[in-house]
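Worksheet: one structure, shown below.
Read the numbers this way: they start at 1 and go in the same order the structure lists the ligands and their atoms.
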Amino acid sequence: MSRDTDGLQLTADAYRTIQVRDGHQPEFAQAAYEVLESLEPALKRHPEYLRSGVLERLCEPERQIIFRVPWTDDTGAVRVNRGFRVEFNSALGPYKGGLRFHPSVNIGVIKFLGFEQIFKNALTGLPLGGGKGGSDFDPKGKSDAEIMRFCQSFMTELHRHLGEYTDVPAGDIGVGRREIGYLFGQYKRITNRYESGVLTGKGLNWGGSQVRTEATGYGTVYFVDQMLRARGEQIDGRRVVVSGSGNVAIYAARKVHELGGTVVAMSDSEGYVVDEEGLDIEAVRELKEDRGGRVKDYAEEHPRARFVDNGSIWDVPCAVALPCATQNELDDEAATTLVRNGVVAIGEGANMPTTPGAVKVFQDAGVLFGPGKAANAGGVATSGLEMQQNASRDSWHFDYTDTRLSQIMADIHDSVREMAEGYGAPDNYVLGANIAGFTKVADTMLDLGVI
Ligand code: GLU
């Protein structure tokens, strides 16, 4: 980070503070660096941010909760996991963001996700603050009863921090409708309140919203379609590679097919499956969601498809790449291969799946790059729509909700692009997203005083 004016000195100072205090949290430092670096031109233009301490305040969570989660497994043995909720910023609304259950979870990972969430939520245009939580609990191989007992124990501690106007969690990796159900059930039992707006991602019978399941994946594709259209292109007729095969990947793939693209490869932690003529996305969905299968099972059941054990899915040539698995899954080597194979657009369905080196490779090659905080904002935006329905005790139809989602994604696209244009870099969606999200939160923080 350069330091030739006060503004630039400020981002350097904020980053140095993070290195000193949080240098042992590499994912958080990476996420913060990426934002701070893009803010330099905005700080230069807006000296009002200089003395307000807004950067330092933004980089320090308002509250971090770490708690013990004891639960009993099916053999009767007591197990202990660690639970987290980072309430990062509530300038724009109640803390909002998902819960991740995965063995890789630690406070640094939750802080990176919570930090991203602040700007992502601001971009949706809805009144949502930023937060994130989760546990190092590994749902893999656990029985349904174990999952339920874990969720109940997790909520027994977390419930005191939540509320429709305080903090509203949802799902993320390892947390879907089943887990949200057990969490909501326990919250309801402890508080004796049917507070629908305390969690999102609920089932349709108990306050959930149409399109919430599909929203992150659909939204990512709506966003990429907008980026392509801004260049006079479209998804129709394009070869697309989607990494992952979880909630985001499945519905991104379905939307690609609906818009006339062909998804030729998808993956999981064991490897990837390719079908040059296009995967049957409903079969992938049924395999993963209904049968809990692996993508290699797909290759066994579909003779045209081939399973590649442990290889990099980014070796598969495509025009559009949608990383929808997890953080740092696409590095500079993979980016170089994608560019060599003619990729024209990237949309981050996952949170920070592209390493900083890979982002640079794409930008230098003129590839359209939609960063997660804009491209995958459809999930949390639809959570915001779920909150609206809960607050008005209403439920909307699928088509109406989907239209709202696609309009929100188009608005995010336009505001990000407009911001980037204002800084002389119309195709730099990273710069546009970071400055647009930051400006909204920072201006509000200035209005609310030093808190
Ligand atoms: N976990 C999702 C995200 O990364 C959704 C969060 C929410 O709906 O609150 O944005």
(request) Non-hydrogen atoms closer than 4.0 Å to ligand 1: which protein residues do they belong to? List them by chain and number, please. (result)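 Contacting ligand 1 under 4.0 Å are Lys96, Gly97, Gly98, Gln117, Lys120, Lys132, Ala170, Gly171, Asp172, Arg212, Asn351, Gly379, Val380, Ser383.
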(message) Pairing donors with acceptors under 3.5 angstrom, does anything connect the side chains of Gln117 and Lys96?
(response)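 Looking only at side-chain atoms, Lys96 and Gln117 do not form any donor-acceptor pair under 3.5 Å.
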(request) Supply the atom-to-atom distance Ile18 CD1 to Phe115 CZ, rounded to the nearest 0.5 angstrom. (result)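 These two atoms lie 6.0 Å from each other.
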(message) Is the positively charged end of Lys111 above the ring of Phe28, judged by distance under 6.0 angstrom from the centroid and angle within 45° of the axis?
(response)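 Yes, a cation-pi geometry.
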(message) Given the ring of Tyr298, does Lys288 sit roughly above its face, with NZ or CZ under 6.0 Å from the centre of the six-membered ring and within 45° of the axis?
(response)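 Relative to the ring axis of Tyr298, which defines the angle, Lys288 lies outside at least one limit.
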(request) Verify whether the ring centers belonging to Phe101 and Phe150 lie closer than 6.0 Å. (result)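 Distance test on ring centres: under 6.0 Å, yes.
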(message) Quick check against the 3.5 Å criterion: does Trp314 have a side-chain atom that pairs as donor or acceptor with the backbone of Glu329?
(response)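 Confirmed, Trp314 side chain pairs with Glu329 backbone.
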